[in-house]
*Asks:* 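Take a look at the following structure, please.
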Amino acid sequence: MSDHPDHTATLMERILYEVKRVVVGQDRFLERVLIAMLAQGHLLVEGVPGLAKTLTIKTLARTVRGSFKRIQFTPDLVPADLVGTRVYNQKTGEFGTSLGPVFANLLLADEINRAPAKVQSALLEVMQERQVTIAGESHRVPEPFVVMATQNPIETEGTYPLPEAQVDRFMMKVLVDYPTEEEEFVIAQRVTGPAVEVQAVADTATLAALQRECREVYVDPSLISYAVKLVSATRQPAKYELPDLARLLTYGASPRATISLIEGARALAMLRGRRYALPEDVADLVPDVMRHRLVLSYEALAEGRSANDVVAAIMAKVPQPEKPMQHSTEGSAGA
């Protein structure tokens with residue numbers, strides 16, 4: 001059992017290596033995608049066009065021999081375009097089921113805020129239930145199933161903002177920024193040079209086994225308590241000596257935030273070659289897990305305050321627990 005963490009970390013390193021042969025930079029974004037895959041969560045990604053969001057997830061699908069589908073969300077889309085529909089076969093005189101593009105291991109929902117509410121809710125239902133009902137028949141989506149939805153922060157014309165209750169279904173919201181000048185130089189070289197063939201280093205069965213292994217990563221009760229306090233501070237800031245935050249927040253984060261912090265910390269610990277989570281695993285994920293779950297007040301928006309500012313204030317006030325597991329686990333691993 002003791003070689004499992006090393007084996008997992010090595011396999012993840014090989015997957016990352018293959019993806020990085022194609023994608024330049026974006027290390028933090030890539031790490032978050034792998035966390036979502038291991039923790040069986042979904043990602044909301046915000047960034048301007050052309051930052052390799054599609055390329056990243058498409059390349060990742062190739063490395064794990066998974067199926068990849070991309071849906072370009074537009075205002076004229078209907079739920080059947082996503083989940084599928086009943087089709088009449090003239091030859092047999094019977095109705096058959098035509099499954100939609102949501103039936104994939106890695107699904108990219110491009111510009112999710114361009115589609116109307118009923119299409120967004122159809123996708124979010126699949127994300128939650130991991131199945132689709134067509135004409136009274138249930139069809140399960142393949143395992144593993146990860147949705148990466150993108151939204152463009154520039155154009156707000158003709159967009160349908162995601163309701164707070166629906167945004168909450170996403171495990172993390174990741175902000176993707178422009179590359180550095182050095183990275184952009186390499187991007188230009190790589191894109192204009194010969195095509196790189198990506199090698200498959202795992203398969204979906206291996207990935208499913210890693211997901212099961214991820215659920216066994218030990219999380220100390222003190223870490224769960226730390227996650228609960230961080231989330232609770234968004235609802236009752238005064239209790240944590242943060243009275244100024246109350247006027248900036250209309251609503252705090254839901255219990256899904258606490259669950260996402262714990263599940264994410266497990267996955268991050270696995271990526272870092274450990275069978276136990278540490279406080280820094282939780283702390284690293286707090287901004288990504290919280291930023292889309294906080295509903296800021298008009299006062300906060302008028303002052304130009306962001307969700308990240310609120311999260312930073314909370315993290316500075318809520319102390320991290322000690323590392324109770326580090327010594328005991330290392331001792332038992334060496335035994």
Side-chain angles (χ1 to χ4, degrees), residues 1-23 26-43 45 52-70 99 101-109 126-131 139-149 170-172 174 196-219 259-260 262-277 281 284-285 288 329 333:
M1 200 48 197
S2 61
D3 62 334
H4 271 189
D6 295 336
H7 167 71
T8 304
T10 306
L11 182 59
M12 286 299 169
E13 271 174 30
R14 287 177 63 202
I15 290 171
L16 267 175
Y17 172 76
E18 285 301 321
V19 176
K20 283 181 154 301
R21 288 174 62 209
V22 177
V23 180
Q26 306 295 13
D27 293 359
R28 185 183 171 80
F29 170 47
L30 263 171
E31 186 180 62
R32 297 307 182 253
V33 176
L34 289 178
I35 289 169
M37 283 176 73
L38 285 175
Q40 302 179 58
H42 305 289
L43 279 185
V45 184
K53 299 185 290 288
T54 308
L55 182 66
T56 299
I57 200 146
K58 195 174 180 178
T59 309
L60 195 58
R62 280 202 207 120
T63 64
V64 296
R65 292 191 186 91
S67 53
F68 166 79
K69 297 272 177 69
R70 177 177 176 269
L99 299 178
V102 293
F103 288 86
N105 296 118
L106 289 159
L107 177 70
L108 182 72
V126 184
M127 285 164 52
Q128 186 72 18
E129 307 297 332
R130 294 179 188 266
Q131 65 175 29
H139 303 269
R140 287 199 69 78
V141 292
E143 292 288 340
F145 177 65
V146 177
V147 174
M148 193 174 102
F170 288 97
M171 182 183 186
M172 292 181 281
V174 186
V196 177
E197 276 299 313
V198 177
Q199 301 296 315
V201 294
D203 54 29
T204 52
T206 309
L207 196 54
L210 289 176
Q211 288 177 338
R212 287 192 296 274
E213 202 178 310
C214 186
R215 298 305 294 261
E216 292 168 17
V217 170
Y218 179 79
V219 179
I259 295 163
S260 295
I262 301 305
E263 298 284 20
R266 277 187 166 134
L268 193 50
M270 263 183 90
L271 287 177
R272 290 170 172 174
R274 277 186 269 105
R275 275 182 295 166
Y276 56 94
D281 297 326
D284 280 1
L285 295 172
D288 295 325
T329 312

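Values below: every heavy atom of this structure, side chains too, minus hydrogens, waters and symmetry copies. Note that the numbering runs from 1 along the sequence shown for the chain.
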*Asks:* Under 4.5 Å between any side-chain heavy atoms of Leu207 and Glu143, yes or no?
*Replies:*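 No; the side chains remain at least 4.5 Å from each other.
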*Asks:* Inspect the surroundings of CZ in Arg215 and state if more than 12 heavy atoms from other residues, nucleotides or ligands are less than 6.0 Å away.
*Replies:*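 Open: at most 12 neighbouring heavy atoms sit under 6.0 Å from CZ of Arg215.
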*Asks:* Give me the atom names and distance for the closest heavy-atom approach of Gly264 to Leu285.
*Replies:*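 Result for this residue pair: C-CD1, 3.2 Å.
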*Asks:* Which residue is it: Val174, Val147, Ile57? I am looking for the one with a side chain to side chain contact (heavy atoms under 4.5 Å, CB included) to Leu43.
*Replies:*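 Among Val174, Val147, Ile57, the one that satisfies the side chain to side chain contact (heavy atoms under 4.5 Å, CB included) with Leu43 is Val174.
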*Asks:* Do Gln131 and His139 have side-chain heavy atoms sitting under 4.5 Å apart?
*Replies:*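 The answer is no; the side chains never approach within 4.5 Å.
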*Asks:* Is a side-chain N or O of Glu18 found less than 3.5 angstrom from the main chain of Val201, in a donor-acceptor match?
*Replies:*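 The answer is no, because no donor-acceptor pair under 3.5 Å joins these two groups.
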*Asks:* Tell me, do Leu108 and Lys69 make a side-chain contact under 4.5 Å, heavy atoms counted?
*Replies:*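 A side-chain contact under 4.5 Å is absent here.
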*Asks:* Identify whether NZ of Lys or CZ of Arg in Arg274 sits under 6.0 Å from the centre of the six-membered ring of Tyr276 and within 45° of that ring's axis.
*Replies:*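 Cation-pi check for Arg274 and Tyr276: passes.
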*Asks:* Check the pair Asn105 / Thr204 against side-chain hydrogen bond (donor to acceptor under 3.5 Å, both in side chains), numbers first and verdict last.
*Replies:* CA-CA 8 Å; Asn105 296 118; Thr204 52; 5.2 Å; no
*Asks:* Which atom names give the shortest non-hydrogen contact between Ala269 and Ala277, and what distance separates them?
*Replies:*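 Ala269 and Ala277 have their closest heavy atoms at CB-CA, 4.0 Å.
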*Asks:* Among all residues two or more places apart in sequence or in another chain, which pass the ring-ring contact (aromatic ring centres under 6.0 Å, His included) test with Phe145?
*Replies:*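 ring-ring contact (aromatic ring centres under 6.0 Å, His included) check on Phe145 returns His42.
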*Asks:* Would the number of heavy atoms belonging to other residues, nucleotides or ligands and lying under 6.0 Å from CZ of Arg130 be above 12?
*Replies:*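 For Arg130, atom CZ is crowded (more than 12 foreign heavy atoms under 6.0 Å).
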*Asks:* Do Arg272 and Asp281 have side chains that get closer than 4.5 Å, going by heavy atoms?
*Replies:*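 Heavy-atom side-chain distance check passes, below 4.5 Å.
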*Asks:* Ala39 and Met171: which non-hydrogen atoms are nearest, and at how many Å?
*Replies:*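 Minimum heavy-atom contact is CB-CE, 3.6 Å.
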*Asks:* Measure the shortest side-chain to side-chain distance between Leu210 and Met270 over non-hydrogen atoms and say whether it is less than 4.5 angstrom.
*Replies:*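 SC-SC contact between Leu210 and Met270 confirmed.
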*Asks:* So does Ala202 get a backbone contact from the side chain of Thr206, meaning a donor-acceptor N/O pair under 3.5 Å?
*Replies:*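 Absent.
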*Asks:* Can you name the nearest heavy-atom pair linking Ser67 to Ala104, along with the distance?
*Replies:*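 Minimum heavy-atom separation between Ser67 and Ala104: OG-CA, 3.4 Å.
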*Asks:* State, yes or no, whether a side-chain contact exists between Arg266 and Leu38 at a heavy-atom distance under 4.5 Å.
*Replies:*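 Side-chain contact under 4.5 Å: no.
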*Asks:* Donor-acceptor pair, Arg70 side chain versus Leu107 backbone, under 3.5 Å?
*Replies:*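 A pair under 3.5 Å: no.
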